[in-house]
Novice: 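Structure below; questions to follow.
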Amino acid sequence: MNIFDEFSTKLKKILLDLSKKEELILPSNINVITTEIPPLKFNSDISTNVAMVLSKLNKKSPIDLAKYLSEHIKKNDELIDNVSVAKPGFINIKFKKIFWTNFIIRVIKNSKSYGVNEFEEKKSYLVEFVSANPTGPLHVGHCRGAILGDVISNLLLFNKHKVKKEYYVNDYGNQIANFTKSVYYRIREILYKETFPDSNYDLYPGDYIINIAKNIIKSNKILDFKNFEKISNDLSVLSVEESLNIIKNNLNSVGIEHDNFVSERQIVKNNEVEKVVELLQKNKFVYKGKIKAPESENTNNWVEREQLLFKSTEFGDDKDRVLQKSDGSWTYFASDVAYHKNKLDRKFDNLINILGSDHTGYIKRISSSVDALSNSKVKLICKVSQLVKLIKDKKPFKMSKRRGDYITLEDLVNEVGKDATRFIMLNRSNDVELDFDFDHVIEKSKDNPLYYVQYSYARICSVFRNINKNIESELKIKKSDFEYSDDEIKILKKISEWPKCIEMSTRKLEPNRIPTYLYELASLFHSYWNLGKQSPNKRFIDDNEKISDDKLIFLKAISNVIKSGMKIIGASTPERM
RNA sequence: GCGCUCGUAGCUCAACUGGAUAGAGCGCCAGAUUUCGGCUCUGGAGGUUCAGGGUUCAACUCCUUGCGGGCGCGCCA
């Protein structure tokens with residue numbers, strides 16, 4: 001349920017009636033007429049732009065048209081207290097108090113599904129996120145994208161869509177070869193006391209490789225480490241497995257679990273790359289040609305040569321992209337195209353990729369391939385998560401560029417916890433850099449939005465505790481003839497905006513609206529709470545240690561919204577703090 | 001050089017599909033608080049939304065030019 005949608009429906013009916021009577025001309029697209037939340041100062045509940053949109057077509061001034069329409073609106077609805085017209089031509093509707101009583105009772109009755117967009121068609125989504133190279137633990141940079149992907153999935157699930165969360169494992173190619181070699185040298189270091197070749201910059205120096213080496217030795221799956229060539233394949237598989245375990249543990253520590261891991265190696269092994277290249281060739285998207293050297297830096301070493309190219313320029317890319325290396329093996333891009341063909345074959349309605357900001361340049365070419373493969377029927381939606389700037393003691397906390405030395409996701413979670421990590425990472429729009437201030441995040445104050453929201457929930461719980469009621473149990477509503485005060489209606493109005501918040505977050509895949517919304521709701525609640533200091537009638541529990549039904553319902557509705565919002569974010573709502 | 005992206009109060013950021021007099025928090029100033037729960041609340045000051053041009057009844061939002069920051073521009077993944 002969504003009071004804005006409901007009003008919109010009523011309004012459109014009125015408009016259609018008037019147009020049938022030929023009193024009004026309507027535009028072909030009636031959806032430009034919107035219902036909105038009026039700014040606070042107008043002291044009304046819903047507003048609409050209808051008069052401004054229709055004024056030109058009907059050759060009337062917006063104000064006159066607004067006056068004319070507001071009479072029809074008022075006449076039509078006994079729950080409307082008054083309808084007023086404001087300057088450029090807005091129509092503002094204010095409901096009677098009983099409207100809000102009815103409203104909150106409906107919210108309570110639908111508490112489980114409140115906020116879900118009922119009218120939206122249910123679709124299936126594949127969300128690919130993280131997909132970090134399986135060569136070591138995740139760092140802070142990965143973390144933001146990971147949480148973004150997870151919460152976008154939660155949002156879609158909340159709206160009853162089908163979602164598969166997927167991780168693409170890049171376990172093929174040079175980086176993996178170097179990684180495997182690194183593990184190999186560590187093993188020789190342990191078994192034969194040989195020193196690790198620190199001067200080789202292709203190798204991974206991190207200490208975690210030593211643990212991987214130890215685990216592989218312990219597992220006894222390979223018995224003889226003397227000849228690298230002989231064991232490199234098996235060792236590679238084991239090494240990837242080990243580092244994937246580290247990554248999965250990292251993800252679990254922030255509450256993330258993927259449904260599916262797809263191996264690049266497997267895609268290559270199944271000849272999926274050949275097949276997809278063949279298919280593209282058949283549809284004339286592949287050709288042999290030369291590609292220009294990049295405009296940047298020194299192009300001295302650039303050797304122009306004839307190579308297999310994908311025509312991504314046909315879909316707006318800067319240049320066509322190479323599919324095959326000179327040694328005959330496939331480029332990363334080629335196998336990724338095959339992977340996306342694989343996704344398409346699984347028949348999802350929508351494909352979503354979450355990428356780091358360093359991959360923005362990659363979006364055009366990969367979405368081009370999806371266009372080419374699906375005949376532009378399926379769009380690949382790419383969301384980019386920008387950098388995270390860590391701040392400690394008011395200073396940027398530099399991620400050292402020194403090899404193998406970066407702040408890991410594990411470090412972050414150990415420092416501030418899962419809830420704070422998730423909440424703060426989502427607090428900003430994903431396409432803006434984010435300051436992650438360690439000092440605020442662990443503070444128990446308003447400076448810490450997580451704490452502030454959780455605290456409001458805990459306060460509500462304390463009321464329930466004091467009257468010996470369980471906050472989870474369902475409320476039985478006997479009478480509903482009470483009315484709420486203006487201070488309470490302020491909060492009810494905020495609650496009525498919740499479905500709108502969810503709708504926008506889902507449509508734009510921008511979950512950052514949710515922490516903002518919850519903060520605002522919490523703020524209103526804390527204000528209300530403080531009113532109890534002066535006015536005993538604003539306190540929840542009266543002198544006889546009882547609570548009235550209206551207050552009980554009121555609290556329950558607030559806590560429900562906070563809880564379901566926090567659930568989408570993936571942060572907890574402790575009953576005591 | 002080219003592509004993508006961001007630019008809003010001193011600072012960190014909101015602002016719905018293009019809506020009204022652009023909102024919060026921090027910091028600053030002034031107050032409240034013997035409470036259901038303790039960094040909670042109330043008020044004040046603070047703006048040419050980077051700059052110019054355009055579209056529109058209406059532009060922070062869309063188009064365009066310029067400026068500034070970030071990212072990317074390999075047969076790396």
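Remember, predicted model here, so these are calculated numbers, not experimental data. Chain identifiers are assigned alphabetically (A, B, ...) following the order of the sequence lines, protein sequences preceding nucleic acid strands; residue numbering begins at 1 within each chain. Heavy-atom basis, side chains included; hydrogens, waters and symmetry copies ignored.
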Novice: Nearest whole angstrom, please: distance from the P of rC57(B) to the NZ of Lys59(A).
Specialist: 14 Å
Novice: Is Ser527(A) close enough to rU42(B) that one of its side-chain N or O atoms is under 4.0 Å from OP1 or OP2 there?
Specialist: yes
Novice: On a whole-Å scale, what distance lies between the P atoms belonging to rG52(B) and rA9(B)?
Specialist: 16 Å
Novice: Identify the nucleotide, in any strand shown, that forms a Watson-Crick or G-U wobble pair with rA24(B), with both distances under 3.5 Å; if there is none, say none.
Specialist: rU12(B)
Novice: For the side chain of Arg428(A), starting at C-beta, report the closest nucleotide among rC36(B), rA14(B), rU40(B).
Specialist: rA14(B)
Novice: Which nucleotide wins on minimum distance to the side chain of Lys56(A), given the candidates rA77(B), rC71(B), rU56(B)?
Specialist: rU56(B)
Novice: Between rG3(B) and rU64(B), how far apart are the two P atoms, rounded to whole Å?
Specialist: 11 Å
Novice: Got Glu264(A) and Tyr339(A) here, is their nearest side-chain heavy-atom distance under 4.5 Å?
Specialist: no
Novice: Just how far, in rounded Å, is P of rA14(B) from OH of Tyr517(A)?
Specialist: 19 Å
Novice: Report each atom pair, protein N/O against N/O of nucleotides 20-23 of chain B, whose distance is under 3.5 angstrom.
Specialist:
residue, atom, partner, partner atom, Å
rA20(B), N6, Ser47(A), OG, 2.7
rA20(B), N6, Asn92(A), OD1, 3.1
rA20(B), N1, Asn92(A), OD1, 3.0
rA20(B), N1, Asn92(A), ND2, 3.1
rU21(B), OP1, Lys87(A), NZ, 3.0
rU21(B), O2', Lys41(A), NZ, 2.3
rG23(B), OP1, Lys41(A), NZ, 3.1

Novice: Does this structure show an ion pair linking Asp435(A) with Lys389(A), if we count only N-O contacts that are shorter than 4.0 Å?
Specialist: yes
Novice: Going by purine N1 to pyrimidine N3 plus the second Watson-Crick contact, or the G-U wobble pair, all under 3.5 Å, which nucleotide sits opposite rG74(B)?
Specialist: none
Novice: In whole Å, I'd like the distance from the CZ atom of Arg321(A) to the P atom of rG3(B).
Specialist: 13 Å
Novice: For rA30(B), give its Watson-Crick or G-U wobble partner with both distances under 3.5 Å, or none.
Specialist: rU42(B)
Novice: Need one value for Asn133(A): base, sugar-phosphate or nothing, where a base atom within 4.0 Å counts as base even if backbone is also close, heavy atoms only.
Specialist: sugar-phosphate
Novice: Check whether any side-chain nitrogen or oxygen of Tyr452(A) sits under 4.0 Å from OP1 or OP2 of rC41(B), and answer yes or no.
Specialist: yes
Novice: Which heavy-atom pair separates Ile63(A) from Lys87(A) by the least distance, and what is that distance?
Specialist: CD1-O, 2.6 Å
Novice: Have a look at Ser55(A) and say if it touches a base, only the backbone sugar-phosphate, or nothing, with a 4.0 Å heavy-atom cut-off.
Specialist: nothing
Novice: Expressed as a whole number of angstroms, how long is the span from Gln175(A):CD to rC75(B):P?
Specialist: 15 Å
Novice: Taking the P atom in each of rU55(B) and rC67(B), what is the distance between them to the nearest angstrom?
Specialist: 24 Å
Novice: Between Glu503(A) and Lys500(A), is there a side-chain N and carboxylate O pair less than 4.0 Å apart?
Specialist: no
Novice: Can you confirm whether Phe525(A) sits close enough to Val453(A) that some side-chain heavy atom of one is under 4.5 Å from a side-chain heavy atom of the other?
Specialist: no
Novice: By nearest atom, which of the nucleotides rC75(B), rU12(B), rC73(B) is closest to the Asp435(A) side chain?
Specialist: rU12(B)
Novice: Rounded to the Å, how far apart are Ile460(A) CD1 and rG37(B) P?
Specialist: 15 Å
Novice: In terms of the nearest nucleotide of RNA chain B, which residue is placed more toward the 5' end: Trp529(A) or Asp318(A)?
Specialist: Asp318(A)
Novice: Name the residue closer to the 5' end of RNA chain B, choosing between Arg513(A) and Pro62(A) according to the nucleotide with the nearest heavy atom.
Specialist: Arg513(A)
Novice: Could you please name the option among rC36(B), rA77(B), rG37(B) that lies closest to any side-chain atom of Tyr455(A)?
Specialist: rG37(B)
Novice: May I ask which nucleotide in the shown strands pairs with rG47(B), Watson-Crick or G-U wobble, both distances under 3.5 Å?
Specialist: none
Novice: Show me the protein contacts with nucleotides 5-11 of chain B, counting only N or O atoms at under 3.5 Å.
Specialist:
none

Novice: Round to the nearest Å and state the distance from Arg365(A) atom CZ to rC76(B) atom C1'.
Specialist: 11 Å
Novice: What about the rings of Phe540(A) and Tyr528(A), do their centers lie closer together than 6.0 Å?
Specialist: yes
Novice: Testing Arg365(A), Glu314(A), Lys311(A) one by one against Asp320(A) for a side-chain contact (heavy atoms from CB on, under 4.5 Å), which residue passes?
Specialist: Lys311(A)
Novice: Within the distance-only criterion (no hydrogens, no angle test), does the side chain of Arg428(A) pair as donor or acceptor with the backbone N or O of Glu433(A) below 3.5 angstrom?
Specialist: no
Novice: For Lys508(A), answer base if it contacts any base atom (sugar-phosphate contacts may also be present), sugar-phosphate if it contacts only those atoms, and nothing otherwise; contact means non-hydrogen atoms under 4.0 Å.
Specialist: sugar-phosphate
Novice: Heavy atoms under 4.0 Å, any strand shown: does Glu264(A) hit a base, just sugar-phosphate, or nothing?
Specialist: sugar-phosphate
Novice: If you check the Lys325(A) side chain, which of rG74(B), rC76(B), rG70(B) turns out closest?
Specialist: rC76(B)
Novice: How far, in whole Å, is rC11(B) from rG66(B) if one measures between their P atoms?
Specialist: 27 Å
Novice: Check every strand shown and say whether Ser326(A) touches a base, only sugar-phosphate, or nothing at a heavy-atom separation below 4.0 Å.
Specialist: base
Novice: Using whole Å, what does the distance between atom P of nucleotide rG37(B) and atom CD1 of Ile467(A) come to?
Specialist: 13 Å
Novice: Salt bridge check: are Glu166(A) and Lys343(A) linked by an N-O gap of less than 4.0 Å?
Specialist: no
Novice: Identify the nucleotide, in any strand shown, that forms a Watson-Crick or G-U wobble pair with rG68(B), with both distances under 3.5 Å; if there is none, say none.
Specialist: rC6(B)
Novice: Contact class for Arg465(A) (heavy atom, under 4.0 Å): base, sugar-phosphate, or nothing?
Specialist: base
Novice: In plain terms, say whether Glu272(A) and Lys341(A) are close enough for a salt bridge, that is, a side-chain N and a carboxylate O under 4.0 Å apart.
Specialist: no
Novice: Given rA14(B), rG70(B), rC73(B), identify the nucleotide with an atom nearest to the side chain of Thr516(A).
Specialist: rA14(B)
Novice: Looking across every strand, which nucleic acid part, if any, lies under 4.0 Å from Val53(A) by heavy atom: base, sugar-phosphate, or nothing?
Specialist: base
Novice: Minimum heavy-atom separation for Ile562(A) and Leu518(A), please, with both atom names.
Specialist: CA-CD2, 3.9 Å
Novice: When the P atoms of rG25(B) and rC4(B) are considered, how many whole Å apart are they?
Specialist: 37 Å
Novice: Categorize Glu510(A) for me: base, sugar-phosphate, or nothing, with a 4.0 angstrom heavy-atom threshold over every strand shown.
Specialist: nothing
Novice: Could you state the atom-to-atom distance from CG of Leu555(A) to P of rC36(B) in whole Å?
Specialist: 15 Å
